[in-house]
Amino acid sequence: MSRPPSQALVLQVGNLPENRLAFNNRVYLSPHNLAALKASMPPESTSGSLPLVTVGPHPYAADAHPAVPNNQVALNGLHRRHGQYSLSARVEVRPFAPPPNFALATLELSLDTFAKRSAAQGGSRAPPREIDTDRLAQDVLLNFEGQVFEVGRVLAIDFEGGKLELTAASVGQIDLEGGGDMSERSRMGLLLGPTSLTFSKAKGSTSLQLAGSLVAGGSGGASNIFLSDFDFEKLGIGGVGAEFNEIFP
């Protein structure tokens with residue numbers, strides 16, 4: 001469990017101040033409100049990465065924008081759909097300190113396009129777009145490292161000129177301590193550089209064709225979390241990397 005924060009804000013749900021911000025999966029607060037939330041966070045939660053907050057029960061990376069009023073939290077349409085929030089709904093925003101071993105060892109993302117409805121209505125079907133999963137993994141890490149992924153949550157990415165919809169299909173964590181309550185943590189976790197990413201097509205999707213070594217279920221996918229270069233210290237469980245790499249070469 002995360003430590004109980006001392007600061008909480010009740011804010012109205014608003015739109016993003018700029019459309020382009022929909023593709024970084026962040027929620028936006030006024031500079032004043034973000035500073036107030038960061039002041040109540042432990043130092044390790046705000047060093048070197050974007051701070052994390054919960055909007056209702058869901059954790060997100062947060063950023064400040066001068067166009068966001070002090071009485072609002074700005075969410076994109078996918079955030080509002082996942083949380084079932086209407087515009088102007090009131091929601092509690094709190095600092096979020098990740099619990100121990102919250103980082104993800106594995107993450108599978110299912111892919112679809114935003115143009116699926118118009119493509120289905122068109123007269124002639126365009127050939128599937130080929131997605132190189134190795135390049136996509138690099139873009140996902142570049143854009144979303146340090147963010148929380150939750151099973152079932154959808155986010156958007158602008159990948160090589162096309163807009164994709166990514167859904168967290170499954171997550172995997174390492175519980176070295178044992179006996180912990182994994183009921184909630186097994187559904188979400190933090191994406192870091194060592195996380196093993198794989199990709200699959202969304203059910204019924206015909207507009208994409210996946211290529212590369214990170215297709216889920218393929219022999220090239222990096223599904224083994226005990227890779228020789230896996231850095232356990234980056235997952236917050238330092239001191240055991242050599243031991244586990246010896247057991248699971």
Side-chain angles (χ1 to χ4, degrees), residues 11 13-31 34 48-56 58-69 72-87 91 93 96 104 107-119 126 128-169 171 188-193 195 197-202 205 207-212 214:
L11 303 172
V13 173
N15 275 319
L16 292 176
E18 301 176 53
N19 289 337
R20 64 179 181 83
L21 301 178
F23 296 99
N24 61 27
N25 196 41
R26 302 173 190 173
V27 302
Y28 284 85
L29 299 161
S30 69
L34 186 61
S49 61
L50 290 170
L52 300 175
V53 301
T54 55
V55 179
H58 306 292
Y60 293 97
D63 207 348
H65 196 288
V68 178
Q72 286 189 4
V73 54
L75 309 179
N76 69 35
L78 296 174
H79 296 156
R80 298 197 302 271
R81 185 174 73 185
H82 183 71
Q84 298 183 334
Y85 304 129
S86 59
L87 289 174
V91 64
V93 180
F96 178 76
L104 292 176
L107 171 63
E108 180 186 335
L109 296 170
S110 67
L111 310 182
D112 208 342
T113 63
F114 278 101
K116 46 189 177 291
R117 180 176 298 178
S118 59
R129 178 190 174 192
E130 182 171 289
I131 300 295
D132 186 306
T133 56
D134 299 277
R135 294 203 303 269
L136 179 58
Q138 294 174 4
D139 271 27
V140 167
L141 281 172
L142 179 66
N143 286 281
F144 306 122
E145 185 174 1
Q147 296 196 29
V148 176
F149 281 73
E150 179 182 2
V151 172
R153 189 191 296 178
V154 182
L155 64 152
I157 187 172
D158 192 339
F159 176 65
E160 298 182 348
K163 295 173 175 58
L164 298 178
E165 195 174 87
L166 311 179
T167 303
V171 300
M188 67 176 70
L190 205 62
L191 175 67
L192 294 178
T195 303
L197 281 167
T198 55
F199 301 92
S200 58
K201 289 197 302 182
S205 175
S207 57
L208 299 176
Q209 180 177 332
L210 304 187
L214 300 180

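Values below: all heavy atoms of this structure, side chains included; hydrogens, waters and symmetry mates excluded. All residue numbers refer to positions in the sequence shown, counting from 1.
At least one side-chain heavy atom of D112 sits less than 4.5 Å from a side-chain heavy atom of S205. Using a 4.5 Å cut-off on side-chain heavy atoms (C-beta onward), R81 and V154 make contact. Between L208 and P128 there is no side-chain heavy-atom pair separated by less than 4.5 Å. Residues D63 and N24 are not in side-chain contact: their nearest non-hydrogen atoms beyond the backbone lie 4.5 Å or more apart. Residues V73 and V53 fail the side-chain proximity criterion, which asks for heavy atoms closer than 4.5 Å. For the pair L136 and L109, the minimum side-chain heavy-atom distance is 4.5 Å or more. Looking at heavy atoms from C-beta onward, K163 lies in side-chain contact with D158 at the 4.5 angstrom threshold.
Distance CG/L166 to CZ/F149: 7.5 Å, rounded to 0.5 Å. The CG atom of L50 sits 11.0 Å away from the CG atom of N25 when rounded to the nearest 0.5 Å. Here H65 contributes atom NE2 and L29 contributes atom CG; the two are 12.0 Å apart, rounded to the nearest 0.5 Å. Considering CG of L107 and CG of L190, their distance stands at 11.0 Å, rounded to 0.5 Å. For the atom pair NE2 (H82) and OH (Y60), the distance works out to 5.0 Å, reported to the nearest 0.5 Å. Separation of atoms CD (E150) and NE2 (H58) is listed at 5.5 Å; rounding is to 0.5 Å.
Scored by the salt bridge (charged side-chain N to carboxylate O under 4.0 Å, His left out) test, D139 finds no partners at all (sequence neighbours excluded). Checked against ring-ring contact (aromatic ring centres under 6.0 Å, His included), F199 has no partners two or more places apart in sequence or in another chain.
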| field | CA sep, side-chain torsions, deciding dist, call: L141, L191, side-chain contact (heavy atoms from CB on, under 4.5 Å) | value | CA-CA 8 Å; L141 281 172; L191 175 67; 4.0 Å; yes
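Using a distance-only test at 3.5 Å, with no hydrogens or angles considered, a donor-acceptor pair links the side chain of T195 to the main chain of L104. Proximity of a side-chain donor or acceptor of T133 to a complementary backbone N or O of A211 within less than 3.5 Å is detected.
Closest of all the heavy-atom pairs between A67 and P17 is CB-CB, 3.8 Å. Scanning both residues, A74 and V68, for their nearest heavy atoms gives CB-CG2, 4.1 Å. In terms of heavy atoms, L34 sits closest to A62 at CD1-CB, 4.0 Å. Counting all heavy atoms, side chain and backbone alike, L210 lies closest to L111 at CD2-CD1, 3.6 Å. Contact record, L75 with H79: CB-CB, 3.8 Å, taken as the closest heavy-atom pair. Residue F144 comes nearest to A156 through the heavy atom pair CZ-O, 3.6 Å, listed as atom of the first residue, atom of the second, then distance.
Geometrically, R129 does not engage F159 in a cation-pi contact defined by less than 6.0 Å to the ring centre and at most 45° from the axis.
A donor-acceptor contact under 3.5 angstrom links the side chains of R80 and N15, judged on distance only.
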